[in-house]
Amino acid sequence: MAGMVAFFLPRASDDEQAERLYDALAEFAGCEPAPPGQRVQSIAFTEDGAQWVAAVGEQLSGRRTTQQLRRGELIERIEELSSPTRVLAVYPGTPFVVVTDAQPITGTPSEWSNPFTARPDQVTLFDRP
């Protein structure tokens with residue numbers, strides 16, 4: 001099983017601080033923290049016709065695939081999308097809730113609201129403790 005990652009949060013210097021931050025960010029987002037073993041490392045979701053990935057500790061990234069008809073041939077174009085917004089935590093639920101380091105947590109402006117919600121097409125959990 002590739003890509004299993006132990007639970008962490010950016011900006012937390014140790015496990016205890018990560019736990020406190022995880023609870024605090026859930027409170028900020030108005031959602032429930034997930035128990036160990038059910039914590040989300042990343043989700044893939046669709047927004048405005050583009051596929052995005054929100055992975056803890058990484059910037060939001062996405063790609064939009066557009067199809068054009070040229071001389072009777074279907075051409076696919078892939079546009080890479082990115083945002084300077086860094087993901088701090090992802091909480092499972094209906095919908096999922098993503099907390100980033102954008103305003104109001106830091107002064108960084110973002111085109112994404114913070115927190116924002118998403119209905120994931122794919123979910124990757126942190127490794128079980």
Side-chain angles (χ1 to χ4, degrees):
M1 182 83 183
M4 290 301 266
V5 179
F7 176 69
F8 80 98
L9 255 65
R11 299 172 173 228
S13 53
D14 58 37
D15 292 351
E16 200 180 315
Q17 197 181 7
E19 291 294 330
R20 284 203 305 273
L21 195 55
Y22 187 73
D23 289 348
L25 291 174
E27 199 170 308
F28 160 76
C31 63
E32 287 298 308
Q38 292 171 35
R39 293 182 178 171
V40 179
Q41 192 251 323
S42 71
I43 59 171
F45 62 97
T46 306
E47 183 77 36
D48 282 338
Q51 281 78 48
W52 286 88
V53 173
V56 172
E58 292 174 29
Q59 293 184 341
L60 287 168
S61 64
R63 50 174 32 184
R64 181 180 280 119
T65 308
T66 50
Q67 296 182 331
Q68 293 168 321
L69 211 50
R70 268 207 210 120
R71 294 194 290 280
E73 223 182 318
L74 205 56
I75 312 263
E76 259 196 10
R77 266 188 56 237
I78 292 176
E79 183 190 352
E80 298 291 337
L81 308 166
S82 68
S83 164
T85 311
R86 190 174 295 280
V87 177
L88 296 182
V90 181
Y91 298 94
T94 313
F96 278 49
V97 177
V98 179
V99 178
T100 72
D101 66 356
Q103 289 170 333
I105 288 183
T106 67
T108 311
S110 172
E111 68 277 30
W112 298 80
S113 57
N114 187 22
F116 70 86
T117 58
R119 298 185 180 276
D121 307 312
Q122 205 180 340
V123 178
T124 305
L125 296 180
F126 280 110
D127 210 355
R128 289 186 174 277

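Any value given below was found using the heavy atoms of this structure, including those in side chains, with hydrogens, waters and symmetry copies removed.
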Task: Exam field: side chain Asn114 to backbone Val99, donor-acceptor pair closer than 3.5 Å - done: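 Such a contact is absent between Asn114 side chain and Val99 backbone.
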For [X] and [Y], work out which heavy atoms get closest and say how close.
{"X": "Leu125", "Y": "Gly37", "result": "CD1-O, 3.9 Å"}
{"X": "Gly72", "Y": "Leu69", "result": "C-CD1, 4.2 Å"}
{"X": "Pro95", "Y": "Arg119", "result": "CB-CG, 4.0 Å"}
{"X": "Pro10", "Y": "Val56", "result": "CD-CG1, 3.7 Å"}

TODO: Among residues two or more places apart or on two chains, list those pairs meeting ring-ring contact (aromatic ring centres under 6.0 Å, His included) that have a residue in residues 53-76.
DONE: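 Output for this query is empty, none listed.
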Counterpart residues, side chain to side chain donor-acceptor pair (under 3.5 Å), relative to [X] (two or more places apart):
{"X": "Ser13", "result": "Gln17"}
{"X": "Glu111", "result": "none"}
{"X": "Asp121", "result": "Thr46"}
{"X": "Thr106", "result": "Thr108"}

Considering only heavy atoms from C-beta outward, does the side chain of [X] approach that of [Y] to under 4.5 Å?
{"X": "Leu60", "Y": "Phe116", "result": "yes"}
{"X": "Pro115", "Y": "Val98", "result": "no"}
{"X": "Ile105", "Y": "Leu25", "result": "yes"}

Task: Reported CG-to-CD distance for the pair Leu74 and Gln68, which is rounded to 0.5 angstrom - done: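 Interatomic distance, Leu74 CG to Gln68 CD, rounded to 0.5 Å: 9.5 Å.
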Task: Pairwise distance CZ(Arg20) to CG(Asp15) - rounded to 0.5 angstrom - done: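 Those atoms lie 11.5 Å apart.
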Open item on the list: So, using side-chain contact (heavy atoms from CB on, under 4.5 Å) as the criterion, who are the partners of Ser42 when residues are at least two apart?
Closed with: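 side-chain contact (heavy atoms from CB on, under 4.5 Å) list for Ser42, sorted by chain: Ala55, Thr124.
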Task: All side-chain contact (heavy atoms from CB on, under 4.5 Å) counterparts of Gln103, not counting sequence neighbours - done: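 Gln103 satisfies side-chain contact (heavy atoms from CB on, under 4.5 Å) with Pro109 only.
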Open item on the list: Through direct or indirect side-chain contacts below 4.5 angstrom among Ile, Leu, Val, Met, Phe, Trp and Tyr, which residues connect to Ile75?
Closed with: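 Members besides Ile75: none; it forms no cluster.
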Task: With sequence neighbours excluded, residues passing salt bridge (charged side-chain N to carboxylate O under 4.0 Å, His left out) with Arg39 - done: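 Salt bridge (charged side-chain N to carboxylate O under 4.0 Å, His left out) list for Arg39, sorted by chain: Glu19.
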- [ ] Would you please name every residue forming a salt bridge (charged side-chain N to carboxylate O under 4.0 Å, His left out) with Glu73, sequence neighbours left out?
- [x]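 Glu73 satisfies salt bridge (charged side-chain N to carboxylate O under 4.0 Å, His left out) with no other residue.
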TODO: Not counting sequence neighbours, list each pair that qualifies as a salt bridge (Lys or Arg N to Asp or Glu O under 4.0 Å) and has a residue in residues 42-69.
DONE: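 Residue pairs passing salt bridge (Lys or Arg N to Asp or Glu O under 4.0 Å), neighbours aside: Arg63-Glu80, Arg64-Glu79.
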Open item on the list: I'd like to check the ring pair (Phe, Tyr, Trp, His ring centres under 6.0 Å) partners of Tyr91; sequence neighbours left out, ordered by chain and number.
Closed with: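 Per chain and number, Tyr91 pairs via ring pair (Phe, Tyr, Trp, His ring centres under 6.0 Å) with Tyr22.
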Open item on the list: Show, in sequence, the C-alpha distance, side-chain angles and deciding distance for Phe45 and Val53, and conclude whether the side-chain contact (heavy atoms from CB on, under 4.5 Å) test is met.
Closed with: CA-CA 6 Å; Phe45 62 97; Val53 173; over 6 Å; no
- [ ] Could you check Val40 against Phe96 for side-chain contact (heavy atoms from CB on, under 4.5 Å), going step by step and ending with a plain yes or no?
- [x] CA-CA 10 Å; Val40 179; Phe96 278 49; 3.8 Å; yes
- [ ] Answer yes or no: does atom CD of Gln122 have more than 12 heavy-atom neighbours from other residues, nucleotides or ligands under 6.0 Å?
- [x]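 12 or below, so no.
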